[in-house]
**Q** 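Structure provided below as structure tokens; questions to follow.
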Protein chains: 2
Amino acid sequence: MNIGEAARASGVSAKMIRYYESIGLIPRPARTQAGYRVYSANDVHRLVFIRRARDLGFSVERIAELIALWSDRDRASADVKRIALEQVEILERKAREIEAMAATLRHLAKSCHGDDRPDCPILEGLASGPPTGTADHGSHRFGAGLRPPKKGTMRADRRA
Amino acid sequence: MNIGEAARASGVSAKMIRYYESIGLIPRPARTQAGYRVYSANDVHRLVFIRRARDLGFSVERIAELIALWSDRDRASADVKRIALEQVEILERKAREIEAMAATLRHLAKSCHGDDRPDCPILEGLASGPPTGTADHGSHRFGAGLRPPKKGTMRADRRA
DNA sequence: CTGGGTCTTCCAATGATGGGAAGGTCAAGC
DNA sequence: GCTTGACCTTCCCATCATTGGAAGACCCAG
């Protein structure tokens with residue numbers, strides 16, 4: 001199975017498969033004489049695992065932890081559960097944060113006429129500055145476990 | 001007022017002020033003979049506006065639109081309101097998406113014993129792959145209007 | 001044997017931000 | 001005046017996950 005087939009089978013683009021290899025998330029596969037990468041069903045399985053975890057907002061770093069646990073027959077399920085629940089917390093915190101942004105903005109928008117007149121409280125609200133809030137409550141960032149979802153127009157290594 | 005003072009006054013780091021200048025979000029300021037950038041209270045006002053909008057999850061691109069409206073005395077408040085409400089929608093969609101991830105993950109975690117035994121449905125859930133879902137429902141990405149919140153340890157150009 | 005699709009590697013860009021080096025400048029204290 | 005330290009300048013690099021593209025090698029079917 002070459003990289004294109006593995007990509008189609010797993011839903012991970014060929015580009016990303018090579019990238020995951022380069023960062024050590026997946027082992028370097030065997031090569032054909034011509035240098036083509038060769039993947040097994042097991043490798044594809046692992047790629048599916050990775051894609052699924054990415055879809056759930058796990059960072060690559062986090063996924064590396066999960067894979068280590070996955071490959072370890074003696075791991076305690078408690079470890080996995082802990083990581084998963086930590087991720088749940090990260091996600092929920094993030095969702096709440098974004099909702100707070102939306103609420104603030106909706107509030108501003110509500111007091112705006114929305115007609116032809118140029119006076120608009122939204123702009124004034126933006127201009128006058130916040131209670132110096134939002135920037136301090138988070139020592140977490142998107143990168144720490146959250147990932148932009150796929151663009152949608154990308155499903156594996158689609159040809160053409 | 002030099003860039004450091006402007007940074008402290010606006011809450012935008014000196015680095016970012018220069019970056020905003022480089023991408024044309026703010027005009028190139030006057031310079032002293034020595035080449036130092038000089039800012040006015042008005043410039044700081046604009047920077048506060050920008051910071052506030054960033055805190056509300058607007059992308060820089062979006063902010064450029066807002067600034068154009070802000071600077072335009074004849075703009076209709078409807079335009080501003082439209083942009084704001086679009087942003088609200090983006091944020092809420094994103095929040096819902098993240099919540100869905102969290103829910104899925106919480107669901108997986110719930111069926112995990114969390115004890116010393118190595119069998120863990122979370123890993124199996126990840127490995128068996130999703131209903132090929134999540135990747136298609138979004139032609140939007142984080143970049144399109146959503147931004148990681150500040151790291152927290154960064155407030156303007158703090159010295160030391 | 002040729003053409004089109006596939007593979008390889010490498011390089012670059014994205015967006016917003018931070019880090020740091022190397023060098024010039026300013027203001028205060030001695 | 002001179003030193004010191006805080007500030008400024010530009011420039012390059014890193015992040016994170018992902019995509020794009022170029023240039024060249026390869027493989028299979030016709």
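Because only heavy atoms are used, hydrogens play no part in the values below, and waters and symmetry mates are left out as well, while side chains stay in. Proteins get letters first, then strands, A, B, ... in listed order; numbering begins at 1 in each. Here the structure is a predicted model, which is why all the values come from computation and not from measurement.
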**Q** Separation of B/Leu25 atom CG from C/dG15 atom C1', in whole Å?
**A** 13 Å

**Q** Checking side chain to side chain contact (heavy atoms under 4.5 Å, CB included) against A/Arg51, which of A/Val12, A/Leu56, A/Ile63 comes through?
**A** A/Val12

**Q** Could you tell me whether the side chain of A/Met1 reaches within less than 4.5 Å of the side chain of A/Val44, counting heavy atoms only?
**A** yes

**Q** Check the interface with nucleotides 26-28 of chain D: list each N/O to N/O pair with the protein under 3.5 Å, or write none.
**A**
none

**Q** Report the residue (B/Glu5 or A/Glu61) whose heavy-atom-nearest nucleotide on DNA chain D is the more 5′ of the two.
**A**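 Taking each residue's closest nucleotide, the earlier one in sequence belongs to B/Glu5.
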
**Q** Could you state the atom-to-atom distance from CD1 of A/Ile63 to C1' of D/dC16 in whole Å?
**A**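 After rounding, the reported distance stands at 13 Å.
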
**Q** Could you tell me how the ring of B/His45 sits relative to the ring of B/Trp70: parallel (under 30°), tilted (30 to 60°) or perpendicular (over 60°)?
**A** tilted

**Q** Check the distance between C/dT14's C1' and A/Tyr19's OH and give it to me in whole angstrom.
**A**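 Between C1' of C/dT14 and OH of A/Tyr19: 14 Å.
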
**Q** Within the distance-only criterion (no hydrogens, no angle test), does the side chain of A/Arg46 pair as donor or acceptor with the backbone N or O of A/Ile26 below 3.5 angstrom?
**A**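 No, the answer is negative, given that no donor and acceptor are paired below the 3.5 Å cut-off.
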
**Q** Taking OP1 and OP2 of C/dT8, is either one under 4.0 Å from a side-chain nitrogen or oxygen of A/Arg37?
**A**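 Looking at the OP1 and OP2 atoms of C/dT8, one of them is under 4.0 Å from a side-chain N or O of A/Arg37.
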
**Q** Taking everything shown except B/Glu65 itself, do over 12 heavy atoms lie less than 6.0 Å from its CD?
**A**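 It does: B/Glu65 CD has more than 12 such atoms within range.
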
**Q** Are there over 12 heavy-atom neighbours, none belonging to B/Arg28, within less than 6.0 Å of that residue's CZ?
**A** no

**Q** Say you draw a straight line from CD of A/Glu99 to CD of A/Glu92; how long is it, rounded to the nearest 0.5 Å?
**A** 10.5 Å

**Q** Side chain of B/Ile3 only, please: which of D/dT9, C/dT6, D/dA17 is the nearest?
**A**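 Nearest to the side-chain atoms of B/Ile3, counting from C-beta on, is D/dT9.
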
**Q** Output the rounded distance in Å from CZ (B/Arg8) to C1' (D/dC8).
**A** 12 Å

**Q** According to a strict under-4.0 Å criterion, is B/Ser13 in side-chain N/O contact with OP1 or OP2 of C/dT17?
**A**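 It does not, given that no N or O in the side chain of B/Ser13 lies less than 4.0 Å from OP1 or OP2 of C/dT17.
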
**Q** Side chain of B/Tyr20: nearest nucleotide among C/dC7, C/dG20, C/dT17?
**A**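 Of all the options, the side chain of B/Tyr20 is nearest to C/dT17.
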
**Q** Mind checking whether B/Met16 and B/Ile50 have side chains closer than 4.5 Å, heavy atoms only?
**A** no

**Q** Please tell me if the side chains of B/Phe58 and A/Leu105 come closer than 4.5 Å, counting only heavy atoms from C-beta onward.
**A**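 The answer is yes, as the side chains (C-beta and beyond) meet within the 4.5 Å cut-off.
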
**Q** Roughly how many Å is it from CE in B/Met16 to C1' in D/dT15, rounded to a whole number?
**A**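 Answer to the nearest Å: 14 Å.
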
**Q** Starting at CZ of B/Arg54 and ending at C1' of C/dG18, how long is that distance when rounded to a whole Å?
**A**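 For the pair B/Arg54 CZ and C/dG18 C1', the rounded distance is 14 Å.
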
**Q** With respect to the phosphate group of D/dT10, does any side-chain polar atom (N or O) of B/Arg31 fall under 4.0 Å of OP1 or OP2?
**A** yes

**Q** Tell me whether the side-chain N/O atoms of A/Arg18 come closer than 4.0 Å to OP1 or OP2 in D/dT18.
**A** no

**Q** Yes or no on salt bridge (Lys or Arg N to Asp or Glu O under 4.0 Å) for B/Arg93 and B/Glu97, after CA distance, side-chain angles and deciding distance?
**A** CA-CA 6 Å; B/Arg93 199 180 329 129; B/Glu97 218 170 80; over 6 Å; no

**Q** Could you give the NZ-to-C1' distance, from B/Lys15 to C/dA21, as a whole number of Å?
**A**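 To the nearest whole Å, that distance equals 10 Å.
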
**Q** Using five pairs at each end of the helix from C/dC1-D/dG30 to C/dC30-D/dG1 to define an axis, what is the angle between those two axes, to 10°?
**A** 20°

**Q** Starting from P on D/dC8, measure out to CD on B/Glu21 and report it in whole angstrom.
**A** 14 Å

